[in-house]
Structures are given as structure tokens and as C-alpha cells.
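Structure, as C-alpha cells:
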Amino acid sequence: MQPFLLRQFWQLIEETQTSRILGMDDTSLAKWLTHELIEHNISIDRTEASAINSYIRQKTPLIRDLAYQRSAGSFS
């Protein structure tokens, strides 16, 4: 994945409400995040889209951990 896409991806994670992240199953979350990245980067081709989806699936546990931490922090 290209560095600018990685930055955009993690920025998207930070900007997305935790309830959205935690409210989706893994497959739906990966599809939604992939769609959001592709929608903001029209130049992404099919190969890059596949790589993005694969990266997201690998990082799903981390994404959920971050969302849990943010939601727990908002209740402190």
C-alpha cells in the first residue's frame, strides 16, 4: 500500500465514530473502509483495491482495539 493511502486509512480510522467501527462485523467493516478509501482516491485500480482490502482485514483486530480504547476513554 502506498504511504499516502496508509496515512489516509489511519486518518479515516481516527475520524470514524467508534460506534460505527464496533457496530459492524469484520467483513462489513473491511468493505466499508475499502469503499471509503476508494471513493476518496479515484485513481485506485483493482490491484490496489485488493491490497487495501487485504491490509484492512489484517489490521481489523488493531482497528477494533483502537476503537475500544477510544470508547473507554470517552467514559472516563
Side-chain angles (χ1 to χ4, degrees):
M1 227 166 107
Q2 297 178 18
F4 79 94
L5 284 175
L6 282 172
R7 284 191 300 274
Q8 284 184 342
F9 170 72
W10 289 108
Q11 182 178 354
L12 174 62
I13 297 302
E14 287 297 317
E15 293 173 354
T16 302
Q17 292 183 346
T18 57
S19 59
R20 178 177 284 252
I21 292 172
L22 298 175
M24 288 188 227
D25 61 73
D26 290 354
T27 302
S28 298
L29 180 61
K31 284 181 182 179
W32 182 79
L33 290 168
T34 301
H35 172 76
E36 289 296 307
L37 280 177
I38 290 171
E39 190 165 298
H40 292 98
N41 297 283
I42 305 299
S43 63
I44 293 175
D45 63 20
R46 213 172 242 185
T47 304
E48 282 180 308
S50 178
I52 290 167
N53 192 283
S54 177
Y55 179 82
I56 292 170
R57 287 180 182 279
Q58 291 173 358
K59 300 300 180 187
T60 299
L62 176 59
I63 294 166
R64 291 196 185 283
D65 284 347
L66 291 171
Y68 280 123
Q69 287 177 350
R70 283 192 351 222
S71 68
S74 66
F75 294 117
S76 300

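When a residue number appears, it is its place in the shown sequence, counting from 1. Just so it is clear, the values below take in all heavy atoms, side chains as well, and ignore hydrogens, waters and symmetry mates.
Considering only residues two or more places apart in sequence or on other chains, Gln8 meets the side-chain hydrogen bond (donor to acceptor under 3.5 Å, both in side chains) condition with Asn41. When the side-chain hydrogen bond (donor to acceptor under 3.5 Å, both in side chains) test is applied to Trp10, the partners found at least two apart in sequence or on another chain are Tyr55. Residues forming a side-chain hydrogen bond (donor to acceptor under 3.5 Å, both in side chains) with Glu15 (at least two apart in sequence, or on another chain): Gln11. Glu48 pairs by the side-chain hydrogen bond (donor to acceptor under 3.5 Å, both in side chains) definition with Gln2, not counting sequence neighbours.
Remark: the backbone N or O of Tyr68 is paired with a side-chain donor or acceptor of Ser71 at under 3.5 angstrom.
In this structure the side chain of Ile63 reaches within 4.5 angstrom of the side chain of Leu33, judged on heavy atoms. Side-chain atoms of Leu62 and Leu66, non-hydrogen and from C-beta on, do get closer than 4.5 Å to each other. Using a 4.5 Å heavy-atom cutoff, the side chains of Ser50 and Arg46 are not in contact.
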Exercise. With side chain to side chain contact (heavy atoms under 4.5 Å, CB included) as the test, would you mind laying out the steps for Ile38 and Thr34 before giving the verdict?
Key: CA-CA 6 Å; Ile38 290 171; Thr34 301; 3.6 Å; yes
Practice problem: Check step by step if side chain to side chain contact (heavy atoms under 4.5 Å, CB included) holds for Asp26 and Arg64. | Solution: CA-CA 9 Å; Asp26 290 354; Arg64 291 196 185 283; 2.9 Å; yes
Donor-acceptor contacts, no H, no angles, side chain residues 17-24, under 3.5 Å, sequence neighbours left out:
none

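If you take CD on Glu36 and CD1 on Ile52, they are separated by 12.0 Å, rounding to the nearest 0.5 Å. To the nearest 0.5 Å, the span separating NZ on Lys31 from CG on Leu29 amounts to 12.0 Å. From Phe9, atom CZ reaches atom NZ of Lys59 across 9.0 Å, with rounding to the nearest 0.5 Å.
Nearest approach of Ile13 to Arg70, heavy atoms of both residues: O-NH1, 2.8 Å. Residues Asn53 and Ala30 share a closest heavy-atom pair of ND2-O, 4.0 Å.
Within the structure, no pair that satisfies the ring-ring contact (aromatic ring centres under 6.0 Å, His included) test touches residues 13-53, not counting sequence neighbours.
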